[in-house]
Amino acid sequence: MDETEFWELIDGSREAAEGDPEEQADALVERLLGRDPDAVVDFARHFEARYNRAYSWDLWAAASVMLGGASDDAFDYFRCWLIGQGREVFEGALHDPDQLAELVDDFDETVDGDAEELGYAADEAYEQLTGGVMPDLELPPPPREPLGGYLDFDDERTMAERFPSLWDRFRPQAPGRLGP
């Protein structure tokens, strides 16, 4: 499976689910069930490689702004959601996380930003196809720490300066005030 096919599966599942992350995971499993087990493993490699690329302080900070805070687990699920948004949004966010303010149309923090199930779609499809567990993907180990420089998510001034578009969109504020 090449990168184009990977993104086509992501896009097709998102469109079928009309943007609902849980339904997208189900749609993705259904699409993967139409592939052979080796293709499902290839898909899992593509997914995991992008998941690891998105492990950065800047993206974690952006998730924190969008979600009103982001624990370790919340950031894991946010990275799955980010992949699920497709290539343009994913690559744009990696290049400049502040672009998420423009790249993401509708965003409901109670539903969006959390696609934990999407991260398990390939595992589920592989198990249904073979009756076994996903083999080792033979990828380099994930980074031990987020990539890039540390950001203090509680420093509202720094967050507002680093992510002005996200801050303006997701942190409505009273005049003269930097945060909620």
Side-chain angles (χ1 to χ4, degrees), residues 3 6-7 10-11 13-14 17 19-25 28 43-123 137 139-180:
E3 186 173 9
F6 168 81
W7 286 117
I10 292 290
D11 291 341
S13 65
R14 186 183 63 259
D20 181 283
E22 288 183 25
E23 290 182 23
Q24 183 179 6
L28 183 56
F43 177 90
R45 281 189 191 107
H46 281 286
F47 193 95
E48 190 72 16
R50 278 149 191 82
Y51 180 81
N52 290 340
R53 278 181 58 209
Y55 191 51
S56 74
W57 285 113
D58 279 351
L59 274 175
W60 198 340
S64 183
V65 172
M66 293 173 76
L67 299 171
S71 67
D72 293 356
D73 288 343
F75 182 51
D76 289 346
Y77 309 152
F78 179 86
R79 289 185 289 154
C80 292
W81 172 85
L82 186 61
I83 295 165
Q85 298 311 293
R87 186 179 204 165
E88 180 183 344
V89 173
F90 179 79
E91 294 294 339
L94 258 58
H95 175 71
D96 179 8
D98 196 42
Q99 287 184 22
L100 282 167
E102 286 81 39
L103 291 170
V104 175
D105 292 328
D106 297 323
F107 187 86
D108 177 351
E109 69 183 45
T110 62
V111 177
D112 294 317
D114 178 355
E116 177 182 10
E117 295 84 8
L118 200 58
Y120 300 117
D123 295 302
L137 299 177
L139 292 171
R144 295 175 60 93
E145 295 290 326
L147 305 170
Y150 170 79
L151 290 167
D152 181 355
F153 304 162
D154 293 325
D155 183 341
E156 292 182 358
R157 183 170 307 279
T158 297
M159 296 293 280
E161 289 172 359
R162 173 66 186 89
F163 306 103
S165 298
L166 282 172
W167 195 263
D168 286 346
R169 179 172 173 193
F170 293 98
R171 293 293 185 131
Q173 53 200 345
R177 197 166 162 232
L178 279 177

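Just so it is clear, the model here is predicted, and its values are computed rather than measured.
Of all non-hydrogen atoms in A61 and L151, the two that sit nearest each other are CB-CD1, 3.7 Å. In plain terms, the two heavy atoms of L166 and A62 that are nearest each other are CD1-CB, 3.5 Å. The minimum heavy-atom distance linking F75 with S56 is given by the pair CZ-O, 3.7 Å. Closest non-hydrogen pair, R171 versus V65, comes out as NE-O, 3.8 Å. Nearest heavy-atom pair across I10 and I83 is CG2-O, 3.3 Å. Here the shortest heavy-atom pairing between V104 and R169 reads O-NH1, 2.5 Å.
Side-chain contact between E109 and M66 is absent, with no heavy atoms from C-beta onward closer than 4.5 Å. Put simply, the side chain of D76 does not reach to within 4.5 Å of the side chain of E116, judged on heavy atoms.
Separation of atoms CG (D155) and CZ (R162) is listed at 13.5 Å; rounding is to 0.5 Å. To the nearest 0.5 Å, atom CG of residue L118 and atom OH of residue Y77 are 13.0 Å apart. Here D152 contributes atom CG and R157 contributes atom CZ; the two are 13.5 Å apart, rounded to the nearest 0.5 Å.
No donor-acceptor pair under 3.5 Å is formed between the side chain of R79 and the backbone N or O of A54. The backbone N or O of G84 lies less than 3.5 Å from a partner atom in the side chain of Q24, making a donor-acceptor pair. Here the side chain of D114 pairs no donor or acceptor atom with the backbone of A74 at under 3.5 angstrom.
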**OP:** Walk me through it: do L147 and W60 pass the test side-chain contact (heavy atoms from CB on, under 4.5 Å)?
**Re:** CA-CA 10 Å; L147 305 170; W60 198 340; over 6 Å; no
Subject >> Derivation of the side-chain contact (heavy atoms from CB on, under 4.5 Å) call for Y51 and L139 >> reply: CA-CA 12 Å; Y51 180 81; L139 292 171; over 6 Å; no
**OP:** Begin from the C-alpha positions of W167 and E156 and carry the test side-chain contact (heavy atoms from CB on, under 4.5 Å) through to its verdict.
**Re:** CA-CA 9 Å; W167 195 263; E156 292 182 358; 3.9 Å; yes
Original post:
Given E3 and R50, is the side-chain contact (heavy atoms from CB on, under 4.5 Å) satisfied, shown in steps?
Top reply: CA-CA 11 Å; E3 186 173 9; R50 278 149 191 82; 3.1 Å; yes
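Partners of F6 according to the ring-ring contact (aromatic ring centres under 6.0 Å, His included) rule, which considers only residues two or more places apart in sequence or in another chain, are F43, H46.
No more than 12 heavy atoms of other residues, nucleotides or ligands shown are found within 6.0 angstrom of CG on D106. For CD of E102, the number of neighbouring non-hydrogen atoms (other residues, nucleotides, ligands) closer than 6.0 Å is greater than 12.
A distance below 6.0 Å separates the ring centres of F107 and F170.
Using cut-offs of 30° and 60° on the angle between ring planes, the pair F90 and W7 is tilted. Classified by interplanar angle (parallel below 30°, tilted 30° to 60°, perpendicular above 60°), the ring pair W81/F78 is tilted.
Contact check on E91 versus R53 returns a salt bridge, with a Lys/Arg side-chain nitrogen under 4.0 Å from an Asp/Glu carboxylate oxygen.
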